[in-house]
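The structure appears below as C-alpha cells.
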Protein chains: 2
Amino acid sequence: MKQSVTMRDIADKLGVSSVTVSKAINDKEGVGEDLRKKIKEAAIDMGYRLNAAAKSMKDGLSYNIGIIIPERFTDVTQGFYMRFYQDLAKSMDEHSYSGIMHILSMEDEDNLILPRVYLEKKVDGFIILGQVRRSYIDMFLQTDTPIVFLDFYTDQPDVDCVITDNFYGMYDLTNYLIRLGHRDIAFVGNIHATSSILDRYLGYYKSILEHGIQVDSDYLVNDRDENGQYIDMTLPARMPSAFVCNCDQIAFYLISLLRRKGVNVPEDCSVVGFDNDIYAGLADPNLTTVEVNMAEMSKTAVSMIVEKLKNRNSSQGRVAIKGKIVYRDSVKDLR
Amino acid sequence: MKQSVTMRDIADKLGVSSVTVSKAINDKEGVGEDLRKKIKEAAIDMGYRLNAAAKSMKDGLSYNIGIIIPERFTDVTQGFYMRFYQDLAKSMDEHSYSGIMHILSMEDEDNLILPRVYLEKKVDGFIILGQVRRSYIDMFLQTDTPIVFLDFYTDQPDVDCVITDNFYGMYDLTNYLIRLGHRDIAFVGNIHATSSILDRYLGYYKSILEHGIQVDSDYLVNDRDENGQYIDMTLPARMPSAFVCNCDQIAFYLISLLRRKGVNVPEDCSVVGFDNDIYAGLADPNLTTVEVNMAEMSKTAVSMIVEKLKNRNSSQGRVAIKGKIVYRDSVKDLR
DNA sequence: CTGAAAGCGCTTACAG
DNA sequence: CTGAAAGCGCTTACAG
C-alpha cells in the first residue's frame with residue numbers, strides 16, 4: 001500500500017500535535033482560528049483524507065447502513081426497489097452515511113443466514129426494503145441491531161417502519177372511480193402475498209362498503225402465488241366496469257389480456273394501478289394510478305435509523321407516507 | 001453503544017492470549033487443533049463478530065469497493081445499470097468485499113467533485129459503471145486509486161475496463177439480417193453519445209461494407225442528444241426493410257412509432273435491438289436482440305479490481321465479454 | 001488555546 | 001504451539 005497522509009504528518013509539518021490537527025479538521029473547539037485555518041490548508045495541500053476505519057474504532061460506528069432487499073423483488077421486470085435504493089442513497093449521503101446493499105437470497109432467507117456485513121460489523125443498522133419472512137425478521141430483531149422496515153410492516157408492535165399509505169391511497173382511488181359512476185369494480189391481487197396488497201385491498205373494500213355496493217364473489221382476482229410469482233389471471237364471469245389493480249405492473253398485463261379478449265381500455269372497461277412505476281407509462285393507455293412518494297419515504301426511513309443509532313430507545317413506530325393520485329387515460333367517465 | 005464481544009473477551013474466558021484467538025479465528029497456523037476448535041466454539045457461543053474497522057486499520061484495506069453510476073443512467077425507464085449492480089454485489093460477496101453505490105450527479109460530474117467515500121477512505125477502489133465525462137475520469141485517474149471501468153471505455157491506453165463485445169455483437173446481428181435477405185438496413189442511434197453506440201454502429205457498418213451494400217444517407221437515424229436525452233426520431237425517406245437499433249429501449253419506441261404510421265413489425269419492417277433488457281420482452285413483437293452477459297462482465301470487473309488491490313501494477317487492459325443473439329419475433333425472413 | 005497519554009480491537013513479527 | 005510487545009490513525013478526557 002502506498003503510504004498516505006495522516007494527521008500526524010500534518011502535525012509534524014506544522015510543528016503542532018496531532019490532537020490539535022484532529023480538532024481543527026473536525027471543527028471542534030480548542031484551536032485558535034489562525035492555526036485552524038493553517039491546518040486545514042495544509043490538509044488540502046498534502047492531500048489528506050480521513051481514515052474512516054480509525055474513526056470507526058474510536059466511536060464504534062461504521063457510518064454505513066445495510067440495505068437488505070429480498071431477491072424476489074429484484075428481477076428484470078421490477079426496477080421499483082432499485083429506484084428506491086437510489087433515493088435511500090441520496091438521503092444517507094445527507095447524513096454522511098453510506099449504504100451497503102445486500103440482496104437476500106431465498107435460500108439465506110429460508111435458512112436464516114444473517115448477511116456478512118452484519119457478522120463483520122460493517123454497518124451500524126439495517127433498512128429492510130421489501131417484505132421478508134416473519135421468521136427471518138424475528139431472528140434479526142433478536143440481534144438487537146437497529147432496524148427500520150421500508151415499504152412493509154408486520155404485526156409486531158414496537159417495530160419501526162415506513163410505508164406508503166396503501167389503505168387511504170386505494171380508498172381515494174376507488175372513491176374516484178365511484179364518483180365517475182362506476183359500480184361494478186373488481187380488485188386484482190393476492191391479498192395473502194404481502195401486507196401492502198392486503199391494505200390496498202382493504203382501502204378499496206372500505207370504499208365499496210361505504211357506498212353500499214354489492215360485489216360479485218369472483219371480483220377478487222388472484223394474480224400471483226404466495227412467492228410473488230405471477231400466475232394466469234381468471235377474469236370474472238360478469239365483466240366489471242373497472243378493475244382496481246394492486247400494482248401498475250399487473251394493470252399493464254391486465255390491459256394486454258383484455259385487449260386479447262377484445263375488450264378495449266378505457267372504452268369498454270377502466271383499469272387503475274398503484275405505484276406509478278415504469279409500467280404506468282408503458283401501458284397503453286397510460287395508467288391512472290397512485291404515485292408512491294419514494295423520496296419522502298426514503299428520507300423518513302433514513303432519519304429514523306439515524307435517530308435510532310443515536311438513541312437506541314427511540315422508536316417512532318409505523319409511519320405512513322401519503323401518495324397522490326396521478327390522473328391519466330385508463331379510466332372512463334360513466335356519468 | 002452496547003459493548004460487544006471482542007477477541008480479548010474470548011481469550012480471557014478461555015485463559016489464552018488474544019493473539020491465539022486471532023490466529024484460531026482466521027485459520028492461521030500456530031494454534032493446536034484442539035485449541036482452535038475450542039476457540040471457535042466459544043466465539044460462536046459468545047456471539048463474537050469481527051470488528052471490520054479494527055482489521056481495516058491494520059492492513060489499510062476497507063474491503064469495500066465504490067460503484068459509481070452516473071445519474072443519467074438511473075432514471076425510471078432504465079433499470080439496466082441497477083441490475084448490473086446486483087450482479088456486481090454478488091461477485092463482490094464472493095471475494096468478501098462489499099459495494100458502496102455512489103450515484104454521480106451531473107453537477108458533481110461537471111464540477112469534478114470526488115465522492116465522499118473517496119475522501120473518507122471508505123473504499124479500496126472503484127468500479128465506474130457507465131460512461132462519464134473525460135475530465136472526470138482524468139481527475140480520478142490522477143488520484144492513483146485502483147479503478148476499473150465497466151460497460152464503457154476511453155482511448156486512454158493503460159486503463160482497465162470490461163465491456164460487452166458491442167462491435168462483434170452488432171456485426172453478428174447484422175450478418176443475420178443479411179442472411180435472411182435484408183439489404184436496406186438502417187441504424188438507429190447517436191454515434192457521438194457513447195463509445196458503446198459508436199462500436200455497435202461500426203459492427204453494423206462492417207457487415208454492411210463486407211456485403212457490398214449501399215446505404216441511403218439518411219439510414220443513420222438519430223435517437224438522442226449528447227446528454228442521452230431521447231429526441232423525436234426522423235424516419236428515412238425511403239423505408240428500409242430492417243432497423244438495427246443501438247438498444248432495446250429505442251427499438252421499443254421505434255416499434256410504437258412505426259405502428260402509429262401504419263407500419264407493422266415484422267410484416268412490413270424488421271427491427272432488432274441490443275441489451276436484452278426489460279424492453280425486449282415488453283415490445284410487441286418481442287425483440288430479436290443481443291443479450292449482454294452481465295453476470296460474466298460483473299465477475300470479470302470485480303476480479304480485476306481485486307487483483308489490482310493486491311498488486312497495484314497489475315493491468316489487464318480492455319476485456320470484451322461476448323454477448324449472444326436471442327432470436328425472437330421482430331425479424332422477417334425475406335428469402 | 002495546546003498537547004501528552006491512553007485506548008479503540010485487531011494483527012504482525014518476533015521471542016520463547 | 002503459544003504469547004508479550006508494538007502499532008495501525010484517530011479521538012477523548014484531562015492537564016497545563
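These numbers come from a predicted model, not from an experiment. Letters A, B, ... are given to chains in the order of the sequence lines, protein chains preceding strands, and every chain is numbered from 1.
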Classify the angle between the aromatic ring planes of B:Phe84 and B:Phe80 as parallel (below 30°), tilted (30 to 60°) or perpendicular (above 60°). perpendicular

Whole-Å distance between D:dG9 C1' and A:Asn51 CG? 6 Å

Ring centroid separation for B:Phe140 and B:Phe126, is it under 6.0 angstrom? yes

Toward the 5' end of DNA chain C, which comes first, B:Lys23 or B:Leu50, by nearest nucleotide? B:Leu50

A:Met57 CE to D:dC8 P: how many Å, rounded? 13 Å

Without decimals, in angstroms, what is the distance between A:Asp27 CG and C:dC1 P? 14 Å

At under 4.0 Å between heavy atoms, what does B:Gly30 touch on the DNA or RNA strands: base, sugar-phosphate, or nothing? base

Taking atom P of C:dT12 as reference, at what distance in whole Å does atom CG of B:Asp59 sit? 7 Å

A correct dot-bracket answer for DNA chain C, with pairs being Watson-Crick or G-U at under 3.5 Å, [ ] for crossing pairs and | for inter-strand pairs, is |||.||||||||.|||

Using heavy-atom distances to pick each residue's nearest nucleotide on DNA chain C, tell me which of B:Ser22 and A:Val19 is more 5'. A:Val19

Test item: side-chain donor near acceptor, A:Asp151 and A:Tyr81, under 3.5 Å: yes

Nearest listed nucleotide, side chain of A:Thr20, among C:dC10, D:dG9, C:dG3: C:dG3

Rounded distance in Å - NZ (B:Lys38) to C1' (D:dC1): 14 Å

Go through the structure and list residues passing side chain to side chain donor-acceptor pair (under 3.5 Å) with A:Asp124, not counting sequence neighbours. A:Ser62, A:Tyr97

Applying side chain to side chain donor-acceptor pair (under 3.5 Å) to B:Ser303 and not counting sequence neighbours gives none

Please state whether the phosphate of C:dG3, meaning OP1 or OP2, lies under 4.0 angstrom from any side-chain nitrogen or oxygen of A:Ser17. yes

Among the nucleotides C:dC10, C:dG3, D:dT11, whichever has the atom closest to the side chain of A:Lys58 is D:dT11

Atom pair distance, as rounded to whole Å: CG in B:Asp12 and P in C:dC10: 12 Å

Look at the side chain of B:Asn26 and decide which nucleotide, out of C:dC8, D:dG3, C:dT11, has an atom nearest to it. C:dT11

So, B:Lys38 and B:Asp34, do they make that salt bridge, N to O below 4.0 Å? no

Answer yes when A:Lys13 and A:Asp9 have at least one side-chain N-carboxylate O distance shorter than 4.0 Å, and no when they do not. no

One thing to verify: whether B:Asp87 and B:Lys299 come together as a salt bridge, which I'm taking to mean a side-chain N less than 4.0 angstrom from a carboxylate O. no

Taken to the nearest whole Å, CE/A:Met7 to P/C:dT2 is 16 Å

D:dG3, D:dG9, D:dT2: which one has an atom nearest the side-chain heavy atoms of B:Val31? D:dT2

hbond_proxy B:Lys121 side chain to D:dG9 base (donor-acceptor, 3.5 Å cutoff): no

Nearest-nucleotide comparison on DNA chain D, the residue closer to the 5′ end among B:Leu35 and A:Arg49: B:Leu35

With the side chain defined as heavy atoms from C-beta on, B:Lys28 is closest, among D:dC8, D:dT2, C:dT12, to C:dT12

For B:Lys122 and D:dG9, what is the distance between atoms NZ and P respectively, to the nearest whole Å? 19 Å

